[in-house]
Amino acid sequence: MTGRYTVLTGGVGGAKLVDGLYRLLPANSLTAIVNAGDDFRHFGLPISPDIDTLLYTLSEKSNQALGWGREGETWSFMEAVRSLGGKDWFNLGDGDLALHIIRGVALGAGETLSAVTARFASAWQLALAVLPMTDDAVATWVESDEGRLPFQRYFVERQCQPKVKSVSFDGAATARPAPGVIEAIRSADAVLIAPSNPWLSVDPILSIPGIRDALVGCVGPVIAVSPLVEGKAVKGPTAKLMGELGLAISNDAIADHYGDILNGLIVHNDDPASDRVAVARTDTMMRNPTDRERVARAALEFAKKLRK
Ligand code: FO1
C-alpha cells in the first residue's frame with residue numbers, strides 16, 4: 001500500500017482503526033486528525049483524552065480493559081486526592097499525569113497543542129503525523145434533559161445517562177484548522193473516517209471552518225467505517241444518542257449524517273447498508289491487532305477501488 005492517507009478519529013473505537021492503518025502502512029504515510037472537543041481543564045491541567053488515547057494505543061501503552069489511560073497504571077495521586085476530599089469523578093493515573101503536566105507547561109510557555117502533541121509522538125517513536133483538529137479552544141457541550149453539560153461531565157461523570165437533545169461546539173466558529181490539517185486532507189490518496197461516534201467525536205472535527213469544504217473538494221475518496229455493528233454501538237453511546245436525536249439506528253442514518261462528504265461506507269458483514277453511498281463489507285469488530293489490520297485493509301482496498 002503506497003500513497004498518503006489521512007484519518008479523522010476520536011475516542012477508543014477510532015484509535016483502533018488508526019492502529020490498524022498504522023500497522024499496515026509504511027512509516028510516515030499516515031496522518032491522524034484527532035478530535036479535541038473532549039479537551040478540558042481538570043485541576044488546572046489540560047486534558048486531551050482523544051489525543052492521549054491515540055498516542056497510548058499506537059505506542060502499545062494503552063489500557064485495553066479500560067479503553068483509555070495506560071496499561072499497568074497506578075493511582076496514588078487519586079488516592080491522595082480522595083484523602084483530601086478532592087473531586088474524583090475523573091481519574092488521572094500517576095503515569096498519565098506526565099502528559100497533562102508537560103502539556104500544561106508547554107501550553108503555558110506559548111507552545112501550540114499540535115507542537116506539543118508532535119513532541120509526544122516523536123518521544124514515543126511514532127512514525128505518523130498526529131494533528132489535533134485545531135490549536136484553538138473548542139469544547140463539545142451536550143444539551144440534555146439534565147441541562148447543558150460539558151462533554152466530560154456527560155460522558156464520564158454522568159456515564160452518558162442524560163437524554164441528549166443536541167450537541168454543540170463552543171469556539172468552533174472562530175477556530176482554525178491546526179497546521180497541516182487542510183493539506184493532509186487535500187493531498188491524501190484517501191481520507192478515512194474512523195468508527196468514532198459521528199455526533200460526539202467526528203462532528204467537532206467537521207465543525208472547524210474549512211475542514212468540511214476540504215473533504216467535499218478532496219481528490220481522494222472519503223470512506224467511513226460504520227460505528228454500528230448489528231444495529232448497536234460497539235462501545236459508548238452512539239446508538240443511544242441516535243435514538244435520542246430521533247434517528248433510526250442504522251447505517252443509512254450514519255451515511256445521511258455525513259452527507260456529501262462521504263463517498264463510501266464500510267459496514268459490518270451483512271448488516272443493512274445504505275443506498276446513498278458505495279458500500280463495502282467486512283467484519284468490523286476490532287478485538288485485536290489482526291482485526292484492526294483487517295478493517296484497515298478493507299478500507300484501503302475500498303479506497304483504491306473508488307479512486308479508479
Ligand atoms: N473515562 C472514564 O469513563 N472515566 C475516567 O475517569 C476517565 C479518565 C480519563 C483520563 C484521561 C483520559 O485521557 C481519558 C479518560 N477517560 C475516562 C476517557 C475519556 O473520557 C474518553 O476517552 C473521551 O473523552 C471520549 O472518547
Side-chain angles (χ1 to χ4, degrees), residues 7-19 32-59 61-82 86-104 107 113 116-117 120-121 124 130 132-133 137-142 149-162 164 167 169-170 193-205 227 233-241 286:
V7 55
L8 309 187
T9 183
V12 175
K16 289 178 180 171
L17 178 72
V18 180
D19 191 39
I33 298 173
V34 192
N35 170 38
D38 295 5
D39 294 14
F40 75 128
R41 287 261 167 182
H42 197 56
F43 296 120
L45 296 169
I47 317 289
S48 293
D50 285 0
I51 289 171
D52 295 354
T53 297
L54 183 59
L55 293 173
Y56 284 139
T57 300
L58 297 177
S59 55
K61 293 179 172 64
S62 67
N63 184 318
Q64 307 279 332
L66 277 182
W68 53 268
R70 302 163 65 102
E71 194 56 58
E73 183 63 278
T74 54
W75 304 95
S76 39
F77 169 73
M78 286 308 297
E79 281 155 34
V81 165
R82 265 190 287 279
K87 47 191 173 181
D88 65 351
W89 62 272
F90 193 83
N91 294 288
L92 295 178
D94 299 330
D96 196 39
L97 276 171
L99 282 171
H100 314 311
I101 290 169
I102 293 172
R103 184 163 38 226
L107 297 178
L113 180 60
V116 66
T117 302
F120 288 169
W124 287 352
V130 179
M133 63 191 196
V138 174
T140 300
W141 284 75
V142 166
L149 300 169
F151 180 80
Q152 294 298 344
R153 300 199 87 105
Y154 160 74
F155 193 84
V156 175
E157 189 176 36
R158 298 290 302 115
Q159 299 290 308
C160 303
Q161 296 304 312
V164 176
V167 184
F169 312 112
D170 274 14
I193 301 179
S196 311
N197 185 313
W199 289 267
L200 296 177
S201 303
V202 181
D203 277 0
I205 302 172
V234 178
K235 181 177 166 62
T238 302
K240 174 177 180 283
L241 181 68
M286 294 184 276

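Counting starts at 1 for both ligands and their atoms, following the listed order. These numbers come from the heavy atoms of this one structure, side chains and all, not from hydrogens, waters or symmetry mates.
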Which option wins on minimum heavy-atom distance to atom 9 (C) of ligand 1: W89, F90, F40? F90
Which part of L66 is near ligand 1, with near meaning a heavy atom under 4.0 Å away: side chain, backbone, both or neither? neither
Below 4.0 Å, non-hydrogen atoms only: which portion of D38 touches ligand 1? Side chain, backbone, both or neither. side chain
Can you find an N/O atom of D52 closer than 3.5 Å to an N/O atom of ligand 1? no
Could you tell me which atoms of ligand 1, counted from 1 in the order shown, lie closer than 4.0 angstrom to a heavy atom of F151? 24 (O), 25 (C)
What is the closest protein heavy atom to atom 21 (C) of ligand 1, and at what distance does it sit? F155 CE2, 3.8 Å
Short version for W68: what comes under 4.0 Å of ligand 1, heavy atoms counted, is side chain
Taking the six-membered ring for Trp and the single ring otherwise, decide whether the centroids of W124 and Y56 are under 6.0 Å apart. yes
Could you find the nearest protein heavy atom to atom 8 (C) of ligand 1 and give me its residue, atom name and distance? N91 O, 3.3 Å
Any donor-acceptor N/O pair, Q152 side chain to D38 backbone, under 3.5 Å: yes
Test ring-ring contact (aromatic ring centres under 6.0 Å, His included) on W141 and Y154 and set out the steps. CA-CA 9 Å; W141 284 75; Y154 160 74; over 10 Å; no
Classify the side-chain pair D19/T57 by whether it contains a donor and acceptor separated by less than 3.5 Å. no
Do D94 side-chain atoms and W75 backbone N/O form a donor-acceptor pair below 3.5 Å? yes
Looking at atom 11 (C) of ligand 1, what's its closest protein heavy atom, distance included? D96 OD2, 3.4 Å
Among all protein heavy atoms in this structure, tell me which lies nearest to atom 13 (O) of ligand 1, with the distance rounded to 0.1 Å. P49 CA, 3.3 Å
Shortest non-hydrogen separation from P195 to L17 and the atoms involved: CD-CB, 3.8 Å
Parallel, tilted or perpendicular for F40 and W89, by the 30°/60° rule? tilted
Provide, to 0.1 Å, the distance between atom 4 (N) of ligand 1 and the closest protein heavy atom, together with that atom's residue and name. V156 CG1, 3.3 Å
With no hydrogens and no angle check, is any side-chain donor or acceptor of D50 less than 3.5 Å from a backbone partner on A36? no
For atom 24 (O) of ligand 1, closest protein heavy-atom neighbour: Q152 NE2, 2.7 Å
Which of the ligand 1 atoms, numbered from 1, are nearer than 4.0 Å to a heavy atom of G11: 26 (O)
Backbone N or O of C160 within a donor-acceptor pair of the K240 side chain at under 3.5 Å? yes
Please work out, at 4.0 Å between heavy atoms, whether the side chain, the backbone, both, or neither of D50 comes within that distance of ligand 1. side chain
